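Note that this is a predicted model, so its numbers are computed, not measured. The chains referred to below are lettered A, B, ... by the order of the sequence lines, with proteins before strands, and numbering in each begins at 1.
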Protein chains: 2
Amino acid sequence: MKTKDALVEAAAELLWERGYAATSPAMIQKRSHAGQGSMYHHFSGKAELATAAMRHSAQQLQTAVEAALGSGGSAVERISAYLDMERSPLAGCRVGRLVQDPDVVADDELRAPVAESFEWLERRIADVLAEGVRSGELRQDTDVAATAALVIATVQGGYVLARAQQDEEAFRRAAKAAKAALVGLTV
Amino acid sequence: MKTKDALVEAAAELLWERGYAATSPAMIQKRSHAGQGSMYHHFSGKAELATAAMRHSAQQLQTAVEAALGSGGSAVERISAYLDMERSPLAGCRVGRLVQDPDVVADDELRAPVAESFEWLERRIADVLAEGVRSGELRQDTDVAATAALVIATVQGGYVLARAQQDEEAFRRAAKAAKAALVGLTV
DNA sequence: GTCTATAGCTCGATAGAC
DNA sequence: GTCTATCGAGCTATAGAC
């Protein structure tokens with residue numbers, strides 16, 4: 001169970017750095033120090049290994065997000081903690097970047113882990129916001145679903161801005177304005 | 001000058017649909033009904049043709065954005081018009097999607113058109129917001145640069161959400177919350 | 001379970017005829 | 001300016017020895 005893990009780990013890294021289409025089995029094998037035979041023994045091919053790697057990355061991300069959202073405090077504080085999570089804006093989102101990959105979007109099996117990850121995230125953030133509305137922290141007329149989408153879009157779009165200009169500050173600017181917008185929703 | 005334009009047009013479409021790394025010269029030739037020889041006569045190779053196609057797409061986008069921002073009305077109305085521009089969220093942004101491509105980010109020549117496009121957009125939107133502050137429509141303490149980044153990130157991130165879930169509504173939810181946030185900045 | 005060898009294909013680019 | 005032929009490399013996958 002050691003070589004298999006190394007393959008998944010290496011595949012996850014490469015999917016993050018290069019996406020699915022631009023990552024070859026040979027690259028994964030080289031980085032994980034596994035041979036051709038090992039890879040095709042543990043997985044049926046590139047797609048199955050990539051799916052396992054995506055689920056691995058999504059799980060890691062989910063744990064980190066849960067830690068940020070689960071910290072005590074008000075809804076605004078918890079969402080702000082999510083926006084301020086430790087990130088490398090220039091590296092991009094290990095899950096979100098896959099959404100641009102033509103091969104991933106074309107194949108429902110490959111897209112499933114990504115879609116599930118975003119669905120979970122959107123619901124999770126919407127729940128925190130709904131708590132804020134219930135407790136009287138946020139306005140009663142707050143559109144919880146729309147605001148959750150805005151928060152996640154800010155992060156995903158912040159990655160795009162940072163990568164386009166090769167400047168981490170672009171991400172932080174977007175996050176700062178999103179936090180200000182959240183404060184504007186408080187009673 | 002006809003075959004050359006067809007090559008640029010086809011390349012722009014394919015870059016939008018598939019990105020740079022996953023688009024091959026053969027695909028571009030097929031779609032533009034141009035032969036191998038024609039392509040290498042007009043362009044030094046894939047990279048040069050792609051650069052021309054990117055500038056073509058960026059120009060198209062700039063014209064459309066200018067139309068939305070240039071419509072009369074308050075700053076909030078003009079930015080809202082940008083957020084409500086006619087888009088196909090599932091198709092993604094023809095410029096922003098290139099930011100995820102490993103080959104594009106690795107090469108400054110390829111990245112330049114993308115970076116310039118985003119720099120122009122961020123400045124343009126910041127200018128509109130600054131006018132709103134000056135006219136007394138928006139609060140004096142508005143962080144114009146951060147808000148501009150938030151607006152663009154909302155659009156780019158909205159594309160990611162929509163593609164991840166294959167649902168246009170995800171984009172519209174994010175845009176709706178962004179417009180609400182803008183209203184919250186008015187005096 | 002892991003290895004090497006190789007299949008069959010497509011990649012991006014070049015050559016040279018016309 | 002456009003064509004076809006071809007190069008060397010890398011792609012994903014399979015075969016079969018160990």
Side-chain angles (χ1 to χ4, degrees), chain A residues 1-54 56 98 100-111 113, chain B residues 1-56 98 100-113:
Chain A
M1 263 296 237
K2 194 86 174 326
T3 304
K4 189 170 181 176
D5 290 349
L7 280 162
V8 170
E9 197 75 48
E13 285 176 21
L14 283 161
L15 287 178
W16 189 6
E17 294 166 20
R18 308 185 45 81
Y20 179 80
T23 295
S24 72
M27 292 174 191
I28 300 170
Q29 290 152 26
K30 191 174 179 187
R31 187 171 296 204
S32 63
H33 306 290
Q36 191 92 329
S38 296
M39 194 195 108
Y40 283 98
H41 170 74
H42 292 291
F43 301 95
S44 67
K46 177 182 174 177
E48 193 181 288
L49 171 48
T51 304
M54 287 177 185
H56 177 76
L98 296 164
Q100 305 291 358
D101 211 293
D103 295 4
V104 172
V105 180
D107 182 346
D108 282 345
E109 297 257 332
L110 279 171
R111 193 175 55 82
Chain B
M1 263 296 237
K2 195 85 175 327
T3 306
K4 190 171 180 177
D5 290 349
L7 280 162
V8 170
E9 198 75 48
E13 285 176 21
L14 283 161
L15 286 178
W16 189 7
E17 294 166 18
R18 309 186 44 82
Y20 178 81
T23 295
S24 71
M27 293 173 192
I28 299 170
Q29 291 152 25
K30 190 172 179 187
R31 188 171 294 205
S32 62
H33 308 290
Q36 191 92 331
S38 297
M39 193 194 109
Y40 284 97
H41 170 75
H42 291 291
F43 300 94
S44 68
K46 177 182 174 177
E48 194 182 286
L49 172 49
T51 304
M54 287 178 185
R55 295 200 187 281
H56 178 77
L98 297 164
Q100 305 291 357
D101 212 292
D103 295 4
V104 172
V105 179
D107 182 345
D108 282 345
E109 297 258 332
L110 279 171
R111 193 175 56 82

- Item | Candidates A/L7, A/L14, A/V8 - the one meeting side-chain contact (heavy atoms from CB on, under 4.5 Å) with A/S32 |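 Among the candidates, only A/L7 passes.
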Might you point out which heavy atoms bring [X] and [Y] nearest each other, and give the distance in Å?
| X | Y | answer |
| --- | --- | --- |
| B/S38 | B/T3 | CB-CG2, 4.1 Å |
| A/L49 | A/I28 | CD2-CG2, 3.9 Å |
| B/L110 | B/A50 | CD2-CB, 4.3 Å |

Would you kindly give the [atom1]-to-[atom2] distance between [X] and [N], to the nearest whole Å?
| X | N | atom1 | atom2 | answer |
| --- | --- | --- | --- | --- |
| A/L49 | D/dT12 | CG | C1' | 13 Å |
| B/Y40 | D/dA5 | OH | P | 18 Å |
| A/H41 | D/dT14 | NE2 | P | 15 Å |

- Message: I want to confirm an ordering. Mapping B/S38 and A/Q36 to their closest nucleotides on DNA chain D, which one lands closer to the 5' end?
- Response: B/S38
- Interatomic spacing from NE2 in B/H56 to CD in B/E13 - rounded to 0.5 Å: 8.5 Å
- Are A/K4 and A/F43 in a cation-pi setup, meaning NZ or CZ lies under 6.0 angstrom from the ring centre and within 45 degrees of the ring axis?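 Verdict for A/F43: a cation-pi partner in A/K4.
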- Item | Flag if over 12 foreign heavy atoms under 6.0 Å of CD, B/E48 | yes
- Item | Of all pairs that satisfy side-chain hydrogen bond (donor to acceptor under 3.5 Å, both in side chains), the ones with a partner from residues 14-28 of chain A, not counting sequence neighbours |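 Found A/E17-A/R31.
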- Walk along DNA chain C from 5' to 3' and tell me the first and last nucleotide with an atom closer than 4.0 Å to a non-hydrogen atom of chain B.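 Under 4.0 Å from chain B, the extent on DNA chain C is C/dC11 to C/dT14.
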- Item | Interface with DNA chain D, restricted to residues 6-22 of chain B and to heavy atoms under 4.0 Å |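 Here the set is empty: none.
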